Amino acid sequence: MKRLLLTAAAVLLATAVRAETVPGEKSGTEELFQQHCAACHGTDRLGGTGPALLPENLKRLRPKAAARVIAEGRAATQMPGFADKLSEAEMASLAEYVHTPLPEVPRWRMAEIRDSHIIHNPLHTLGDTPVFSADMLNLFVVVEVGDHHATILDGDSFKPIHRFATRFALHGGPKYSRDGRFVYFASRDGWITKYDIYNLKPVAEVRAGINTRNIAVSADDRYIMVANYLPHTLVVLDARNLEPVKVIDAVGSDGTSSRVSAVYTARPRNSFVAALKDIPEVWEISYLDEPPNDYAGWTHDYRKESGDLEPVARFPKRRITVHDYLDDFFFDQDYEFVIGTSRKGTGQVVNLDTSRVVSELEIPGMPHLSSGITWNYRGRTVMATPNLKEAEVSVVDMESWENVARIPTLGSGFFMRSHENTPYAWVDVFFGEHRDAMHVIDKQSLEIVKTLRPAPGKTAAHVEFTRDGRYALVSIWDMDGAVVVYDAKTLEEVKRIPMVKPSGKYNVWNKTRLSEGTSH
Ligand code: DHE
């Protein structure tokens with residue numbers, strides 16, 4: 001009842017704020033924000049020392065949870081609690097306010113990006129040999145979202161080597177340079193960080209967007225491409241020091257502006273491939289200095305902007321029209337096909353060479369294709385994907401694009417992983433009452449051979465293998481969490497390393513060698 005009254009009070013307050021505010025005049029809630037929050041989160045809510053407070057950036061924090069954070073503060077951050085300064089209704093109205101979209105897409109272009117650029121340690125000041133000894137290609141970077149840290153973990157001894165603070169709310173897989181020396185992180189707030197693993201020091205940072213999806217590193221290690229929801233842009237950074245090079249507007253051939261779903265590097269093609277979330281188009285963008293002459297259909301219709309480091313003719317792109325916009329997608333190992341779904345669940349297979357949709361996928365629910373993996377099954381290549389809405393794993397033949405199997409699970413899953421050297425594929429049960437379960441599937445019989453529960457009652461998620469595939473590392477998604485190491489053959493626990501909500505872990509070898517069992 002108390003909660004109902006509170007919510008009602010907040011709604012009344014927010015409605016009153018909306019009704020009484022004359023354009024140009026500040027509402028009571030806005031004033032509260034400026035008084036108590038703006039110093040850290042920015043007068044425009046775009047972030048400062050604290051994260052951006054926009055609905056797009058706060059998807060993981062519902063208004064009720066936001067009100068709790070305002071009241072109690074956030075452990076291990078500089079966010080204090082306001083319970084002794086603000087009334088419950090004020091805190092509820094602030095929580096609602098930060099979930100209200102800004103009247104227009106904020107400006108975040110070359111000038112703003114350039115202003116945000118920070119060099120922490122110039123490259124020439126950093127030595128070329130590691131300051132610790134370990135197999136540098138068998139390291140893991142573990143992202144601990146619980147308190148916004150990352151840990152460099154030795155993949156042989158499973159001992160943490162170094163733990164350091166990251167930007168708020170990292171999301172997606174960090175990406176490595178080809179030699180594994182540098183790791184690049186992206187935060188939901190658009191901060192990109194280059195970190196030198198050899199020296200255990202950050203190199204540079206830049207804020208490339210207001211709300212960012214993910215990043216990709218070119219195969220020649222020269223460029224980083226950043227995909228943004230806010231604003232609607234792709235941003236090219238110089239991989240050496242993250243200096244911005246080019247801002248590419250995500251605008252469809254009909255002039256519609258769009259969020260970018262994600263961007264990946266198609267290594268054999270020397271291109272970035274991005275999908276647009278609001279337009280049924282996939283873009284291929286070349287990063288070659290001199291694209292070949294047969295680039296028929298490639299354009300460089302970008303707007304020249306003051307501050308661009310490159311002539312307009314760099315990064316030509318071509319548009320591939322698809323049947324429905326792609327939200328979530330991955331590639332075959334040769335990067336000939338893009339396999340994607342929209343959040344509505346329609347699956348499509350796009351041939352990048354012919355620029356055509358060659359097949360539709362018949363997978364029910366919402367396959368989580370960015371977590372898709374492939375393997376050889378009875379002489380043919382299959383892909384498998386967990387499903388965010390259905391309690392099953394789908395296995396699809398990558399030649400006929402027909403379903404090979406639908407493997408029932410205890411609930412819908414988020415992440416799926418395997419390795420060339422293991423007969424098993426691991427999939428979590430991320431949602432529902434069995435979220436503490438981890439299924440191990442035999443890649444040939446396509447049956448679940450074991451269901452592990454590494455920490456009963458706590459979410460078990462996201463697996464990654466050591467470079468040789470002998471061990472599988474599972475996350476316990478809890479503030480009092482862990483990375484649990486399993487022998488990938490006997491499926492017995494080997495070690496438990498305490499971690500603070502380790503969202504994901506990324507093995508240098510598997511990522512840089514594009515293992516078929518992991519994301520790239
Ligand atoms: Fe992710 C990867 C999109 C919600 C944790 N997630 C990705 C990637 C995309 C994506 C496009 C690939 C990026 C890359 O590695 O280059 N994620 C989305 C969504 O659209 C979705 C459903 C909604 C959203 O809020 O954006 C979503 N993701 C989540 C979460 O709620 C998760 C579970 C917790 C969190 O940290 O926000 C989450 N996503 C992850 C992780 C990866 C990821 C750990 C990296 C997986 C990997 O092994 O590569």
Side-chain angles (χ1 to χ4, degrees), residues 134-142 153-156 158 173-180 217 219 264-268 330-337 339 368-386 393-399 404-405 407 413-428 438-450 452 461-475 483-492 494 504-520:
D135 174 357
M136 301 307 286
L137 294 176
N138 194 26
L139 297 175
F140 288 82
V141 170
V142 186
L153 182 71
D154 186 326
D156 291 305
F158 301 117
K175 303 288 157 79
Y176 295 102
S177 58
R178 281 291 276 268
D179 60 4
V217 183
Y264 296 95
T265 304
R267 216 186 255 183
F330 91 121
F331 299 83
D332 66 318
Q333 283 293 97
D334 295 331
Y335 286 85
E336 188 184 349
F337 297 102
I339 302 107
H368 192 219
L369 286 174
S370 55
S371 212
I373 56 170
T374 63
W375 69 80
N376 186 297
Y377 171 73
R378 301 184 184 173
R380 50 190 169 154
T381 307
V382 292
M383 57 165 249
T385 170
V393 164
S394 309
V395 183
V396 174
D397 184 316
M398 292 185 81
E399 215 172 287
V404 172
I407 306 167
F414 220 101
F415 301 108
M416 184 158 189
R417 289 287 175 263
S418 186
H419 189 281
E420 286 80 351
N421 297 342
T422 171
Y424 304 124
W426 297 48
V427 65
D428 54 41
M438 177 68 65
H439 292 307
V440 182
I441 296 170
D442 184 310
K443 291 196 284 190
Q444 295 310 314
S445 71
L446 305 183
E447 279 172 7
I448 295 173
V449 290
K450 192 157 185 177
L452 302 162
H462 195 276
V463 181
E464 178 73 291
F465 287 80
T466 47
R467 70 177 273 186
D468 56 9
R470 282 184 62 198
Y471 298 97
L473 280 65
V474 176
S475 288
V483 163
V484 184
V485 183
Y486 284 93
D487 182 313
K489 207 164 158 191
T490 63
L491 308 181
E492 294 298 327
V494 172
K505 60 215 86 62
Y506 309 89
N507 179 272
V508 173
W509 176 272
N510 295 340
K511 296 291 174 197
T512 55
R513 271 42 177 195
L514 307 185
S515 160
E516 65 180 18
T518 192
S519 59
H520 305 158

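This structure is a prediction, so every number in the text was calculated from the model and none was measured.
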So with a 6.0 Å cut-off around NZ of Lys489, is the heavy-atom count from everything else above 12? no
Shortest non-hydrogen contact from Glu464 to Asn507? OE2-N, 3.4 Å
Measuring from atom CD of Glu420 to atom CG of Asn376, what distance do you get when rounded to the nearest 0.5 angstrom? 11.5 Å
Go through it in stages, so that I can follow the logic: the residues are Leu446 and Val404, the test is side chain to side chain contact (heavy atoms under 4.5 Å, CB included), and I'd like the CA-CA distance, side-chain angles, deciding distance and then a yes or no. CA-CA 9 Å; Leu446 305 183; Val404 172; 3.9 Å; yes
Correct closest heavy-atom pair for Ala384 and Val393 would be CB-CG1, 4.3 Å
Could you pull out the closest heavy-atom pair between Ile373 and Ser418, with the gap in Å? CD1-CB, 3.7 Å
Should the ring pair Tyr264 and Phe331 be called parallel, tilted or perpendicular, given that the plane angle runs from 0 to 90° and is split at 30 and 60? perpendicular
Nearest atoms (heavy-atom pairs only) where Tyr377 meets Lys443: CD1-O, 3.4 Å
Within a strict 4.5 Å, meaning less than it, do heavy atoms of the Tyr335 and His520 side chains meet? yes
Closer than 3.5 angstrom, by distance alone: can the side chain of Asn138 be matched with the main-chain N or O of Gly155 as a donor-acceptor pair? yes
Going by heavy atoms in the side chains, are Met398 and Gln333 under 4.5 Å from each other? no
Using side chain to side chain contact (heavy atoms under 4.5 Å, CB included), reason through Asp428 and Val463 one step at a time and then give a plain yes or no. CA-CA 8 Å; Asp428 54 41; Val463 181; over 6 Å; no
Just checking, any donor-acceptor pair under 3.5 angstrom between side chains of Ser519 and Lys511? yes
Quick one: does Pro423's side chain get under 4.5 Å of Gln444's, heavy atoms only? no
What pair of heavy atoms forms the shortest contact from Val508 to Gly180, and how long is it? CG1-CA, 3.7 Å
Any non-hydrogen side-chain atom of Thr422 less than 4.5 Å from a side-chain atom of Trp375? no
Just how far is it from atom CG of Asp156 to atom CG of Asp468, taken to the nearest 0.5 Å? 7.5 Å
Going by the ring-ring contact (aromatic ring centres under 6.0 Å, His included) test, name the single residue among Phe140, Tyr471, Tyr486 that passes it with Phe158. Tyr471
Give, for atom CD1 of Ile407 and atom CD1 of Ile441, the distance between the pair rounded to the nearest 0.5 Å. 4.0 Å
To the nearest 0.5 Å, what is the distance between CE on Met416 and CG on Leu369? 12.0 Å
Just by distance, with hydrogens left out, do Arg417 and Thr518 show a side-chain donor and acceptor under 3.5 Å apart? yes
Under 3.5 Å, is there a donor-acceptor pair between the side chain of Thr265 and the main chain of Val217? yes
Rounded to the nearest 0.5 Å, what separation is found between the CG atom of Asn510 and the CG atom of Leu137? 10.5 Å
Test side chain to side chain contact (heavy atoms under 4.5 Å, CB included) on His368 and Phe414; report intermediate values, then the result. CA-CA 7 Å; His368 192 219; Phe414 220 101; 3.3 Å; yes
So do Thr512 and Arg178 actually touch side chain to side chain, heavy atoms under 4.5 Å? no
Any heavy-atom pair between the side chains of Thr381 and Asp332 that's under 4.5 Å? no
Side-chain contact, heavy-atom cut-off 4.5 Å: Arg267 with Leu514? yes
Check whether any side-chain heavy atom of Val440 lies under 4.5 Å from a side-chain heavy atom of Leu452, and answer yes or no. yes
Determine whether the aromatic ring centres of Tyr506 and His462 lie less than 6.0 Å apart. yes
With a cut-off of 6.0 Å (strictly less than), are more than 12 heavy atoms of other residues, nucleotides or ligands near CZ of Arg513? yes
CH2/Trp426 to NZ/Lys450 distance, rounded to the nearest 0.5 angstrom? 9.0 Å
